[in-house]
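Heads up, the thing below is written out as structure tokens.
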Amino acid sequence: MTSSEQAAATSNNFLKTIIDEDLKSGKHSSVVTRFPPEPNGYLHIGHAKSICINFGLAREFGGRCHLRFDDTNPAKEEQEYIDSIKESVRWLGFDWGEHLYYASDNFEQLYQWAVYLIEQGKAYVEDLSGDEIRAYRGTLTEPGKESPFRSRSVEENLDLFSRMRAGEFPDGTRVLRAKIDMASPNMSLRDPVLYRILHVPHPHVGDAWKIYPMYDFAHGQTDAIEGITHSICTLEFESHKPLYEWFLDNLPVPARPRQYEFARLNLTYTVMSKRKLQELVQLGTVSGWDDPRMPTLAGIRRRGYPPAAVRAFCELIGVGRSDSWIDVSILEECVRADLNESAPRAMAVLRPIKLVIDNYPAGQSEEMQAANHPQKPEMGSRSIYFTREIWIDADDFMETPSKGFHRLSVGGEVKLRNGYIVKCTGAVKDEQGNIVELHGEYDPASREGIHTADGRKVKGVIHWVSAAHAVTAEVRLFDRLFSDPSPDRGGIDYKQFLNPGSVETLLECKLETSLAGADIETRYQFERMGYFRQDPKDSQPGKLVFNRIVTLRDVWTTKK
RNA sequence: AGGGGUAUAGCCAAACGGUAAGGCAACGGCCUCUGACGCCGUCAUCUCUUGGUUCGAAUCCAGGUACCCCUGCCA
């Protein structure tokens, strides 16, 4: 555990304080939370925060966390989303055990409770149209007025509601409403809609229902049925809390859950709304929901972010109630911290230029051992090969070096990582003056260390790959999807901030031979270049494709 | 006749009337066969603001200010 994780792990937040007190006072004997997505899209990094909070709290306090699909609006929901949500939660490292639930499994109970409310004179069937309901609702500063249908008899309401269920009426013709207070300053208490007619099949319960409960009528009661003790949601549900409690107060529910709200995650340089993400997919701006540049869990998974790094990130950013913007670089830093520990090192040349070692015999090949991790000998080593012709990165050569550049230049020398010190003796150019090949000489006595035969220390160490042994691969370098820190700030079309250089595809990269048989899941550090993993969709044994997960920190190029 | 929230460093964030944790970033320096990693050090006389209570206030009280959420038959 790094010091940052330690600090974060011990750091307090208001939810832990509440649970701690509830447990100590005996209000609850154990904690039960739930992660309740609607299966209407793919999960993103913002959901990861909620997943980590809910499952994390349950884990920390020895309770349990349910996975519950809040599937009350079949018009938007699909089995595909149910499957992908389960997969993403598992990928993140959480397990709901036996506790997989669907709000729709409670539809009959919810219906009975609606009937109960009607019998109590606390709900009525509304015949007003949607537009009329809106007009009657009033505004933020003016009270609403009561519907003429508000005073229908219990008998008529019961009859109409059962006929709604039976499918007698077309969509949109009637709704069931709670009779609360049309003058409440809280809009959600102005006779909220409980049920609407929807002749739409449901992904989980099929075509059993023609009416479906609204979120507000389902959520709290479902929490109560499942025995949820702490129902944790985001801040925008705060104004629904009085309604959440109104249902619990007016219905014979088996338990009394409490709702608590936290601030949702905002990340810089990306967009998080489902609508915008969907638009990027539809427009073809990205290759799909799992494009490695997307903030979706499917995307960062494909990109290669380790789930443990995402968990560490969620722990690090904390839980509060103030609107906050987290810089993506913090997420990236968590990814680096994780990968630095676990990723085996390898050498790969991304923008190859040939270096011919003139004093090395043609046809000779020397096998060398390279450590897989500089600080972890237990991770072993692999063979690399030194030959007369090698590839080095074009970025590691400057004909006339700028101040502070300590890589290769004509007349200069560098250490070839895990190999020899080599001195550049010249650059070959084509007619246009482009450098096409470098020549150099090696020092046979310089295998160990970075000191020359005469005791000088070379400043630069660069990576390289034997030309005779290299395997060619495609490498995709990703950058932020947007060039602005908050592309979805109001007023301006977020698409105008799209970063045209968010992906760069390099087709002729030269990798060391050990990478030819690389495991598809293994994440590597290509030394000095960053962390990489094979693209799980596009990489094949004969045609390798690597994704750059994240760069290394680089003070040299950021300073320039 | 509006209501409900939130303000602590560049970004997060702790503190629960006892004298401003921690992380990220930044800036110095050390180490290094990755300009990586690691290590050492610096970084709020002060908590949006104005008053008040108190021996003592980021914490309590009163008044301002800024931002967020709420007028779906979405969740």
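Every chain is numbered from 1, with letters handed out A, B, ... down the list of sequences.
- For A/R528 and B/G35, the shortest distance from a side-chain N or O to OP1 or OP2 is below 4.0 Å.
- Closest-nucleotide positions on RNA chain B for A/R174 and A/G419 were compared, and the one nearer the 5' end corresponds to A/G419.
- When each of A/G320 and A/K76 is assigned the nucleotide of RNA chain B bearing its nearest heavy atom, the one mapping closer to the 5' terminus is A/G320.
- Within the 4.0 angstrom heavy-atom criterion, no nucleotide atom of any strand lies near A/V458.
- Distance, A/Y260 OH to B/G5 P: 15 Å, rounded to whole Å.
- We find that CD1 of A/I317 is positioned 12 Å from P of B/A14, with the value rounded to whole Å.
- Note on A/Q375: a base of the nucleic acid sits closer than 4.0 angstrom, heavy atoms only.
- Checked against A/D191 for a salt bridge (Lys or Arg N to Asp or Glu O under 4.0 Å), the options A/R177, A/R137, A/R150 give a single hit: A/R150.
- As rounded to whole Å, 13 Å separates atom P of B/C70 from atom CG of A/D216.
- Ring-centre distance between A/Y215 and A/F237: below the 6.0 Å cut-off.
- Contact annotation: A/R553 side-chain N/O to B/G38 OP1/OP2 distance is not under 4.0 Å.
- Summarising the geometry, the separation between CD1 on A/I53 and C1' on B/A13 is reported as 14 Å, rounded to the nearest angstrom.
- The side chain of A/L140 has B/C70 as its nearest neighbour among B/A13, B/C70, B/A75.
- Between atom CZ of residue A/R447 and atom CD1 of residue A/I421 there is a gap of 12.0 Å, rounded to the nearest 0.5 Å.
- An OP1 or OP2 oxygen of B/G5 is reached within less than 4.0 angstrom by no side-chain nitrogen or oxygen of A/R321.
- An OP1 or OP2 oxygen of B/G72 is reached within less than 4.0 angstrom by a side-chain nitrogen or oxygen of A/R137.
- Qualifying salt bridge (charged side-chain N to carboxylate O under 4.0 Å, His left out) partners for A/K241, counting only residues two or more places apart in sequence or in other chains: A/E261.
- Relative to the side chain of A/M187, the nucleotides B/U34, B/U71, B/C74 differ in distance, and B/U71 lies closest.
- The existence of a salt bridge linking A/D223 and A/R68 is confirmed by a sub-4.0 Å separation between a basic side-chain nitrogen and an acidic carboxylate oxygen.
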